[in-house]
Amino acid sequence: MKIVDLRSDTITRPTPGMRAAMAAAEVGDDVLGDDPTVQALEAKVAALFGVEASLFVVSGTMGNQVSLHTHACPGDEIICDEDAHIDWYEVGAPAALSGLQVRPIPAPDGIPDPDRIRAAIRPENIHHPVTSIIAVENTHNRAGGTVVPLPIMRAVAEIAHEHGAVCHLDGARIWNAHAATGIALSEWVRGYDSVSVCLSKGLGAPVGSMILGTRAFITRARRSRKRFGGGLRQAGILAAAGIYAIDDQLPKLKDDHRRARRLAEAVQGLPGIRVIPDPPPTNIVVIDLDGSRHNPETVLKTLESRGVRMLGFGASRIRAVTHRDVDDEDIEIAARVLRETLS
């Protein structure tokens, strides 16, 4: 039976071309600063985003946590939205690794409210933690791949700087925001003091994320990465996959978005079932079953028995993510099975 795996865009496997690039990669010792392929990847990504420097790390969580650790002191506070990846999916790392307090605030549909952020920033008071970081996630995972509008991004950064804080962008899927809007990558990160972008989600590399920032910040972040055990030796093998992924997959992300919309169409009109948001803006399809008679766990088991894999996404929701390893034929299969299961 053919399996259509839509659990995440992290499940992709290296293509033959990517494996060849990895095998042929020139390597050195990256901790000592002499791996030429890592250097090439870092220079390439910095140029793409129009920043001074970038740093290769093994995961998006490490990218976020190294950035937070580098910016703040133990006891400081981070403001983020209540559905942020930093708060939901990083195992309490701000507190465990850096002694940072997370202050989550509501952000309906994944869109931060600048006024609400301004109101949440701590005034100067000896009894309060210092609000040192404001974090934004774009695109937003739990909000169904929502693209946070550029004016909102700019407003949040300005508020942070007005109050002496820094602004961090969890841009794991910022590539998808670029593909969905046509807005240059450099525009999405303008005004942000640090950015984490993922190579192993939509772009399909097997390992890796990048931290972006000024040269001074990246120099400090390199020390934080080492402290977290993230100093790698012959990392050029992994960096080569990242270079290949950017060149090969970035122009194709619009296909993932088109396929996500096609999958969403399969359930439109079914009683009590909603896609959030509808239509999906990028490559994430969140299906809410709350108004229907369906139990998410039962739905997932039925889909699995018919060769379609998705994930539970809360008490009443399931999630599907399109990616490089799913083609048009796969989506038609998944759409048919999904509609039949939910009908």
Is a salt bridge present between [X] and [Y], judged by a nitrogen-to-oxygen distance below 4.0 Å?
{"X": "D87", "Y": "R142", "answer": "no"}
{"X": "R259", "Y": "D328", "answer": "yes"}
{"X": "E265", "Y": "R261", "answer": "no"}

For residues [X] and [Y], determine if any side-chain heavy atom of one lies less than 4.5 Å from a side-chain heavy atom of the other.
{"X": "R154", "Y": "E187", "result": "yes"}
{"X": "I86", "Y": "E137", "result": "no"}
{"X": "F56", "Y": "L199", "result": "yes"}
{"X": "R173", "Y": "D9", "result": "yes"}
{"X": "L6", "Y": "L263", "result": "yes"}
{"X": "F217", "Y": "S67", "result": "yes"}
{"X": "S316", "Y": "D288", "result": "yes"}
{"X": "R233", "Y": "V31", "result": "yes"}

Test applied, side-chain contact (heavy atoms from CB on, under 4.5 Å); reference residue, V57; option that passes from V207, L232, I211: I211
Residues N141, Y89; criterion side-chain contact (heavy atoms from CB on, under 4.5 Å); working and verdict: CA-CA 11 Å; N141 177 24; Y89 299 119; 3.8 Å; yes
Using the rule that Ile, Leu, Val, Met, Phe, Trp and Tyr join whenever any side-chain heavy atoms are under 4.5 Å apart, tell me whether [X] and [Y] fall into a single cluster.
{"X": "V130", "Y": "I117", "answer": "no"}
{"X": "L203", "Y": "V58", "answer": "yes"}
{"X": "I284", "Y": "I287", "answer": "no"}
{"X": "L300", "Y": "V286", "answer": "no"}
{"X": "V4", "Y": "V299", "answer": "yes"}

Please answer whether the main-chain N or O of [Y] pairs with a side-chain N or O of [X] as donor and acceptor at a distance below 3.5 Å.
{"X": "T139", "Y": "V147", "value": "no"}
{"X": "Q234", "Y": "G28", "value": "yes"}
{"X": "R319", "Y": "L311", "value": "no"}
{"X": "D278", "Y": "V275", "value": "no"}
{"X": "T282", "Y": "G145", "value": "yes"}
{"X": "T146", "Y": "H140", "value": "no"}
{"X": "S8", "Y": "I11", "value": "no"}
{"X": "S54", "Y": "E42", "value": "yes"}
{"X": "H178", "Y": "W188", "value": "no"}
{"X": "R103", "Y": "A120", "value": "yes"}

Take atom [atom1] in [X]; do more than 12 heavy atoms of anything else shown fall under 6.0 Å from it?
{"X": "R274", "atom1": "CZ", "value": "no"}
{"X": "R306", "atom1": "CZ", "value": "yes"}
{"X": "E297", "atom1": "CD", "value": "no"}
{"X": "R223", "atom1": "CZ", "value": "no"}

Full working for side-chain contact (heavy atoms from CB on, under 4.5 Å) between I159 and I121: CA-CA 9 Å; I159 289 167; I121 294 174; 3.7 Å; yes
Can you give me the closest heavy-atom contact between [X] and [Y], atom names plus distance?
{"X": "P149", "Y": "I111", "result": "CD-CD1, 3.6 Å"}
{"X": "P94", "Y": "L68", "result": "CG-CD1, 4.2 Å"}
{"X": "E77", "Y": "P129", "result": "OE2-CG, 3.8 Å"}
{"X": "R324", "Y": "T12", "result": "NH2-CB, 3.6 Å"}
{"X": "A235", "Y": "D35", "result": "N-OD2, 3.4 Å"}
{"X": "V189", "Y": "L212", "result": "CG1-CD1, 4.5 Å"}

If only side-chain N and O atoms count, and only distance matters, is there a donor-acceptor pair under 3.5 Å linking [Y] with [X]?
{"X": "T131", "Y": "H163", "result": "no"}
{"X": "T302", "Y": "T341", "result": "no"}
{"X": "H323", "Y": "D325", "result": "no"}
{"X": "H71", "Y": "D76", "result": "no"}

Inter-residue atom distance [X].[atom1] - [Y].[atom2], 0.5 Å rounding:
{"X": "S98", "Y": "F228", "atom1": "OG", "atom2": "CZ", "value": "4.0 Å"}
{"X": "I3", "Y": "M1", "atom1": "CD1", "atom2": "CE", "value": "4.0 Å"}
{"X": "Q249", "Y": "K201", "atom1": "CD", "atom2": "NZ", "value": "15.0 Å"}
{"X": "L41", "Y": "L55", "atom1": "CG", "atom2": "CG", "value": "10.0 Å"}
{"X": "K301", "Y": "N295", "atom1": "NZ", "atom2": "CG", "value": "8.5 Å"}
{"X": "E90", "Y": "S59", "atom1": "CD", "atom2": "OG", "value": "8.0 Å"}

Derivation of the side-chain contact (heavy atoms from CB on, under 4.5 Å) call for L338 and V308: CA-CA 8 Å; L338 181 63; V308 176; over 6 Å; no
side-chain contact (heavy atoms from CB on, under 4.5 Å) between V285 and M310, worked out: CA-CA 10 Å; V285 183; M310 298 183 185; over 6 Å; no
Worked verdict on E332 versus R336 for salt bridge (Lys or Arg N to Asp or Glu O under 4.0 Å): CA-CA 6 Å; E332 291 304 319; R336 174 178 52 81; over 6 Å; no
Geometric class of the F49/W175 ring pair [parallel <30°, tilted 30-60°, perpendicular >60°]: perpendicular
